[in-house]
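This report refers to the structure that appears directly beneath it.
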Amino acid sequence: MRVEIWSDIACPWCYIGKARFEKGLADFAHRDQVEIVHRSFELDPGRAKGDTAPVVDMLALKYGRTREEAQAMEEHVASNARSEGLGYRTEGRDHGSTFDVHRLLHLAKARGRQDELLDLAYRANFAEERSVFDAEILVELAVEAGLDADEARAVLADEDAYADDVRADEREAAELGANGVPFFVLDRRYGVSGGQPAEVFTQALEQAWQGRAITPIGSEDAAACDTDGSCEVPQR
């Protein structure tokens, strides 16, 4: 069974959702027969390369909040991340274009190192003081994931390299009706949106394995990042 996951490095709920999905997968009896494919989705596709801003300042501007309120939003997401055993810095992070990260992830996919690079990029962006918007940092991450440094630099230097692959993933997400991430498609039969609890992913895997018709599952207000960049925690 194949599970396709649309996500963006800038999306905290994708970071959290990946950890929850992996916990749910660990409780699935047929986990060794599941192929995971990560697909590209930009939350801010119109942002120019090199145009970065502090995350807290971006949130304050976007939602018309004070900087203190935006900081509280970050703390709320951080508490969810930490509950999954994930590191999360609430200060000192930047927001920017993730197009180059996605292109490099497609190189990693071609070399069989996609999941390794994705984990490293998430950790760098959310837990460490390493900017994924810096080309040399991306090369460092690529090398840590097992890729060749010169090949990674060549991809980043060529704006057309893997660009079509990124755009194809994004078109397919739109065709499938994905208006936010993370978005999970199980064997093209089952759709799961948002950073659902681990047990919801286990249930979805079990039902997809049984071949039931495609149906959304889980809470409709599960935390996710929308196409407008919104990553607020749903109010319950």
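All residue numbers in this chain count up from 1 along the given sequence.
Between W6 and F184, the closest side-chain pair of non-hydrogen atoms is not below 4.5 Å.
Proximity of a side-chain donor or acceptor of D187 to a complementary backbone N or O of R2 within less than 3.5 Å is detected. E4 contributes no side-chain N or O that, together with a main-chain N or O of L186, makes up a donor-acceptor pair within less than 3.5 Å. N125 places a side-chain N or O within donor-acceptor distance of the main-chain N or O of I9, the cut-off being under 3.5 Å.
For Y122, the ring pair (Phe, Tyr, Trp, His ring centres under 6.0 Å) partners are Y15, not counting sequence neighbours. Qualifying side-chain contact (heavy atoms from CB on, under 4.5 Å) partners for D158, counting only residues two or more places apart in sequence or in other chains: D160, A161.
A salt bridge is absent between K23 and E199; no separation between the charged side-chain nitrogens and carboxylate oxygens falls under 4.0 Å. Salt-bridge formation is detected for the pair E172/R188: a Lys NZ or Arg NE/NH1/NH2 atom is positioned less than 4.0 Å from an Asp or Glu carboxylate oxygen. Of the charged side-chain nitrogens involved, none lies within less than 4.0 Å of a carboxylate oxygen, so that R89 and E74 do not count as a salt-bridged pair. By the 4.0 Å N-to-carboxylate-O rule, R130 lies close enough to E144 to be salt-bridged with it.
In this structure, a donor-acceptor pair under 3.5 Å is absent between the side chains of D169 and H102. One side chain, S40 or H106, offers a donor N or O that lies under 3.5 Å from an acceptor on the other. Checked by atom type, the side-chain pair R167/Y162 shows no donor-acceptor distance below 3.5 Å. A donor atom on one side chain and an acceptor atom on the other are not found under 3.5 Å apart for T202 and D27.
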- Task: Evaluate the criterion side chain to side chain contact (heavy atoms under 4.5 Å, CB included) for residue pair V37 and R39; output intermediate values, then yes/no.
- Result: CA-CA 6 Å; V37 178; R39 299 203 180 277; 4.0 Å; yes
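Hydrophobic side-chain contacts under 4.5 Å tie F99 into a cluster, directly or through other members, with V166.
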